[in-house]
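Here is the structure we will look at, set down as structure tokens.
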Amino acid sequence: MSMDLRDWVRNVPDHPTPGIQFKDLSPILAHPPVFRAAIDWFTEQVRSINPDVLAAIDARGFVFAAPVADRLGISLVMVRKSGKLPPPVVRKEYSLEYAETSTIEIRSDAISDGQSVVIVDDLLATGGTAMAAAELVEGLGGRTVAQLSLIELAFLDGRERITARDPECEVIANIVYD
């Protein structure tokens with residue numbers, strides 16, 4: 001029987017700005033059996049999709065994607081905040097749910113033509129970061145076959161934005177807040 005990870009997510013009101021209900025994953029990371037259950041879930045999802053590459057979004061996506069890449073022997077690439085990766089990089093500016101804009105980057109040699117890619121992050125909100133990451137992947141010749149997150153804030157319509165942009169891309173979340 002699988003563990004209900006929702007029980008381990010802490011709500012933090014008004015963080016990072018008033019009106020935002022931050023979903024804190026620290027309790028999941030602090031309890032090894034719970035963290036293992038989360039990694040088991042991610043591993044099961046990725047195994048069923050069988051991509052060539054996992055693209056992990058800075059920074060909590062790294063926490064979940066790295067052990068899965070290791071377990072399954074899949075290439076792992078980092079999608080990072082601007083200025084964190086050594087050149088050569090490609091970058092994409094996008095809008096965040098609670099800020100003006102942000103920029104993410106990926107190494108320009110991270111993905112080869114035709115590779116299938118699963119993008120991994122901790123949380124899907126409006127889909128801005130997820131779609132920017134997909135555009136980076138596709139700009140390098142890869143195919144984003146799935147967006148995988150532990151949490152989805154369904155009321156922010158990120159899934160709808162992603163699938164409107166790419167109807168072939170699966171959007172999968174363990175915990176969905178309506």
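Because the structure is predicted, anything quoted here is derived from the model rather than measured. No hydrogens, no waters, no symmetry mates; every other heavy atom, side chains included, goes into these values.
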request  = Evaluate side-chain contact (heavy atoms from CB on, under 4.5 Å) for Q21 paired with H15, printing each intermediate quantity in order.
outcome  = CA-CA 6 Å; Q21 187 76 230; H15 179 75; over 6 Å; no
query = E160: what forms a side-chain contact (heavy atoms from CB on, under 4.5 Å) with it, not counting sequence neighbours?
reply = D157
Smallest separation among heavy atoms of N11 and P13, with atom names = O-CD, 3.7 Å
key: Inter- and intrachain pairs under side-chain hydrogen bond (donor to acceptor under 3.5 Å, both in side chains), touching residues 36-46, at least two apart   = D40-R71, T43-R71
message = If the condition is salt bridge (Lys or Arg N to Asp or Glu O under 4.0 Å), which residues does R6 pass it with, not counting sequence neighbours?
response = none
query = Checking T144 side chain against A146 main chain: does a donor-acceptor pair fall under 3.5 Å?
reply = no
inquiry  = Under 4.0 Å between a side-chain nitrogen and a carboxylate oxygen: does that hold for R143 and E168?
reply    = no
Verify same cluster id: L124, M131 (apolar side-chain graph, 4.5 Å) = yes
query = Should T129 and V79 be marked as a side-chain contact (heavy atoms from CB on, under 4.5 Å) after you check the CA-CA gap, both sets of side-chain angles, and the distance that decides it?
reply = CA-CA 10 Å; T129 307; V79 178; over 6 Å; no
request  = Write out all pairs satisfying salt bridge (charged side-chain N to carboxylate O under 4.0 Å, His left out) with one or both partners inside residues 12-34, taking only residues at least two apart or from two chains.
outcome  = R10-D24
inquiry  = Hydrophobic clusters here meaning ILVMFWY residues chained together by side-chain heavy-atom distances under 4.5 Å, can you tell me if Y94 and V117 are in one?
reply    = yes
key: Within residues 54-88 or reaching into it, pairs that qualify as ring pair (Phe, Tyr, Trp, His ring centres under 6.0 Å) - sequence neighbours excluded   = F42-F64
key: Transitive ILVMFWY side-chain link V118 to I162, under 4.5 Å   = no
key: Heavy-atom pair of closest approach, residues L76 and A66   = CD2-CA, 3.7 Å
ask   = Does anything in residues 112-132 pair up under ring pair (Phe, Tyr, Trp, His ring centres under 6.0 Å), and if so which pairs, sequence neighbours excluded?
value = none
request  = Among I151, L25, I175, find the one that has a side-chain contact (heavy atoms from CB on, under 4.5 Å) with L5.
outcome  = I175
task = Would you please name every residue forming a side-chain hydrogen bond (donor to acceptor under 3.5 Å, both in side chains) with R159, sequence neighbours left out?
result = E152
key: Partner residues of D122 under the salt bridge (Lys or Arg N to Asp or Glu O under 4.0 Å) criterion, sequence neighbours left out   = R60
task = Dump the intermediate steps for side-chain contact (heavy atoms from CB on, under 4.5 Å) on V120 and I57, then the final yes or no.
result = CA-CA 6 Å; V120 177; I57 295 178; over 6 Å; no
key: Contacts of type salt bridge (Lys or Arg N to Asp or Glu O under 4.0 Å), residue R161, not counting sequence neighbours   = none
inquiry  = Could you report the tightest heavy-atom contact between P67 and I39, atom names first, then the distance?
reply    = CG-CD1, 3.6 Å
query = Linking I/L/V/M/F/W/Y whenever any side-chain heavy atoms sit under 4.5 Å apart, do L72 and L148 land together?
reply = yes
inquiry  = How long is the straight-line distance from CZ of F22 back to CG of L123, given to the nearest 0.5 Å?
reply    = 8.0 Å
key: Separation of Y177 OH from L153 CG (nearest 0.5 Å)   = 8.5 Å
query = Would you call E138-K92 a salt bridge at under 4.0 Å N-O?
reply = no
note = d(L140 CG, E135 CD) to nearest 0.5 Å is 12.0 Å
request  = Mind jotting down which residue pairs meet the salt bridge (charged side-chain N to carboxylate O under 4.0 Å, His left out) criterion with at least one end in residues 169-178? Sequence neighbours excluded, please.
outcome  = none
task = Determine yes or no for a side-chain-to-main-chain donor-acceptor pair under 3.5 angstrom, with S116 supplying the side chain and D52 the backbone.
result = yes
remark   = Residue pairs meeting salt bridge (charged side-chain N to carboxylate O under 4.0 Å, His left out), one or both in residues 108-118, sequence neighbours left out, come to R107-D109
Taking distance alone, no hydrogens or angles, what donor-acceptor pairs closer than 3.5 Å link side-chain atoms of residues 80-87 to residues at least two apart or in another chain?
residue : atom : partner : partner atom : Å
R80     : NE   : D58     : OD2          : 3.2
S82     : OG   : E105    : OE2          : 3.3

task = Among V77, V90, I119, V89, find the residue that satisfies the side-chain contact (heavy atoms from CB on, under 4.5 Å) test when tested with L136.
result = V90
query = What's the shortest heavy-atom distance between A38 and L150, and which atoms?
reply = CB-CD1, 4.4 Å
key: Minimum side-chain heavy-atom gap Q147-C169 below 4.5 Å   = yes
query = Hey, quick one: are V46 and V171 part of the same hydrophobic cluster, counting side-chain heavy atoms closer than 4.5 Å, chains of contacts allowed?
reply = no
request  = Can you see which heavy atom on R165 is nearest to which on A134, and at what distance?
outcome  = NH1-CB, 3.9 Å
query = Hey, mind stepping through I172 and I49 against side-chain contact (heavy atoms from CB on, under 4.5 Å) and telling me if it holds?
reply = CA-CA 11 Å; I172 306 166; I49 298 166; 3.8 Å; yes
